[in-house]
Amino acid sequence: MSDVIAQLSMSLDGYVAGPGSGREHPLGIGGERLHRWVFGLRSWRAGQGLEGGRGGPEDELLADWIARPGAVVMGHGMYVTGELPWGDDPPFHMPVHVVTHHPREPLVKQGGTTFHFVTQGPGHALALAREAAGDKDVSLAGGADLVQQFIRAGWLDELWLHVVPVFVGGGRRLFDGLGDQPVEWRPTQVLDGPEATHIRLRAV
């Protein structure tokens, strides 16, 4: 069975988005700083239709991430927040299953991205994404609430954290709301970059 994998950039104080995240500020106020490490990498630039960029271990890490998934699961909040910034050619280029309470017809975009709106809950969205992904993995795109649900349910196999050495001080925290159930992870890779430390974790 394919793995379910999530990757998030996170501040030292545990935030994955800054304060006031929404359509006007998809990553929250100041949240763009958490993703600055990726903008100069060759693999990221190629995905945006740009030339050049920096190679090396960080780029290889990102290229591995890009190659693995065949479908995406996403929360409604993340979809609504990113809908306008993504435009007509979102960066997914694969089926995206949006967990929502608002039924609507699938939305076909350029580049192979189709948004499917799933009202039967995250477990059903995951089942549909596994079917769509075939022998590839399923990417859990977030937001933080949905990642927490997957962790509590034991559905998340790998968590890739890009820890940026800043304090955000407010916004959306990744590990709130997990309750008192112990969850153990095994580190499989730790990579230091100039702007972030990258930690790959696998659920035990």
Side-chain angles (χ1 to χ4, degrees), residues 1-18 26-27 31-74 78 82 85-87 89-97 109-113 126 129-130 132-144 146-147 150-151 155-166 168 174-175 183-204:
M1 183 179 292
S2 59
D3 282 342
V4 180
I5 55 179
Q7 70 149 346
L8 300 103
S9 292
M10 186 178 73
S11 67
L12 284 177
D13 49 350
Y15 291 95
V16 294
L27 300 175
E32 293 84 358
R33 173 66 183 84
L34 299 177
H35 301 269
R36 194 172 70 188
W37 66 271
V38 78
F39 296 146
L41 298 181
R42 183 182 303 148
S43 297
W44 183 86
R45 292 180 60 83
Q48 312 303 310
L50 303 173
E51 297 181 353
R54 187 175 72 252
E58 281 186 303
D59 184 61
E60 293 171 5
L61 182 79
L62 184 64
D64 183 25
W65 170 266
I66 292 171
R68 287 182 59 177
V72 177
V73 176
M74 176 187 297
M78 183 172 180
W86 290 329
D89 187 9
F92 304 103
H93 310 298
M94 63 187 71
V96 179
H97 298 80
K109 294 283 192 173
Q110 298 176 16
T113 299
L126 175 57
R130 285 194 189 278
D135 59 356
K136 303 195 79 174
D137 293 327
V138 173
S139 168
L140 180 59
L146 190 62
V147 174
F150 270 62
I151 292 175
W155 296 336
L156 186 61
D157 299 298
E158 285 192 30
L159 177 60
W160 298 25
L161 293 178
H162 312 288
V163 182
V164 180
V166 297
V168 173
L174 179 57
F175 296 124
V183 180
E184 187 174 349
W185 301 85
R186 174 174 56 87
T188 60
Q189 182 181 13
V190 178
L191 174 66
D192 286 325
E195 295 191 83
T197 298
H198 311 280
I199 308 171
R200 294 173 63 167
L201 300 163
R202 187 162 188 90
V204 175

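Keep in mind that what you see is a predicted model, and the values were worked out from it rather than measured. Along the sequence shown, the residues carry numbers beginning at 1.
None of Leu146, Ile5, Asp157 except one satisfies the side chain to side chain contact (heavy atoms under 4.5 Å, CB included) rule with Leu140; the exception is Leu146.
Between the CH2 atom in Trp44 and the CG atom in Leu50 there is a gap of 6.5 Å [rounded to 0.5 Å]. Distance CE/Met94 to OG1/Thr113: 7.5 Å, rounded to 0.5 Å. Note: Arg68 CZ to Gln7 CD = 10.5 Å, rounded to the nearest 0.5 Å. Distance check, rounded to the nearest 0.5 Å: NE2 of His162 to CG of Leu191 gives 10.0 Å. For the atom pair CZ (Phe39) and CD (Gln48), the distance works out to 9.0 Å, reported to the nearest 0.5 Å. Taken to the nearest 0.5 Å, the CZ atom of Arg186 stands 9.0 Å off from the CD atom of Glu158.
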*Report the C-alpha separation of Phe150 and Leu126 in whole Å, then their side-chain angles, then the decisive distance to 0.1 Å, and conclude whether the side chain to side chain contact (heavy atoms under 4.5 Å, CB included) test is met.*
CA-CA 10 Å; Phe150 270 62; Leu126 175 57; 4.0 Å; yes
*Between Val16 and Val168, does a side chain to side chain contact (heavy atoms under 4.5 Å, CB included) hold up when you go through it step by step?*
CA-CA 9 Å; Val16 294; Val168 173; over 6 Å; no
*Just do the side chain to side chain contact (heavy atoms under 4.5 Å, CB included) check on Lys109 and Asp89 with the steps written out, would you?*
CA-CA 6 Å; Lys109 294 283 192 173; Asp89 187 9; over 6 Å; no
*Go through the steps to decide whether Leu61 and Arg200 satisfy the test side chain to side chain contact (heavy atoms under 4.5 Å, CB included), and finish with yes or no.*
CA-CA 10 Å; Leu61 182 79; Arg200 294 173 63 167; 3.6 Å; yes
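A donor-acceptor pair is defined here as one N or O able to donate and one able to accept, closer than 3.5 Å; such a pair exists between the side chain of Asp137 and the backbone of Asp3. Remark: the backbone N or O of His35 is not paired with any side-chain donor or acceptor of Ser9 at under 3.5 angstrom. Side chain of His93 to backbone of Gly111: a donor-acceptor contact under 3.5 angstrom is found. Remark: side-chain polar atoms of Arg130 are paired, donor with acceptor, to backbone N or O of Ser2 under 3.5 angstrom.
Side-chain contact between Leu174 and Leu161 is present, with at least one heavy-atom pair separated by less than 4.5 Å. Between Met10 and Leu8 there is no side-chain heavy-atom pair separated by less than 4.5 Å. You'll find the side chain of Arg33 stays beyond 4.5 Å of the side chain of Ser11, heavy atoms only. Contact annotation: the side chain of Trp65 never approaches that of Ser43 to less than 4.5 Å [non-hydrogen atoms, C-beta and beyond]. Inter-residue side-chain proximity for Ile199 and Trp185 is flagged as unmet; no heavy-atom pair is nearer than 4.5 Å.
Contact detail for Val164 and Glu195: the closest heavy-atom pair is CG1-O, 3.8 Å. The nearest pair of heavy atoms linking Phe92 to Val72 is CD2-CG2, 4.2 Å. Across Trp37 and Arg54, no two heavy atoms sit closer than the pair O-NH2, 3.8 Å. When all heavy atoms are compared, the tightest approach of Ala71 to Ala129 is CB-O, 3.4 Å. Lys136 and Gly70 make their closest contact through CB-N, 3.6 Å (heavy atoms, listed as atom of the first residue, atom of the second, distance). In this structure, Leu156 and Ile151 approach most closely via the heavy-atom pair CD2-CG1, 3.8 Å.
Applying the 6.0 Å contact sphere to CD of Glu51 captures no more than 12 heavy atoms from other residues, nucleotides or ligands.
Judged purely by distance below 3.5 Å, without hydrogens or angles, the side chains of Gln189 and His198 never pair a donor atom with an acceptor atom.
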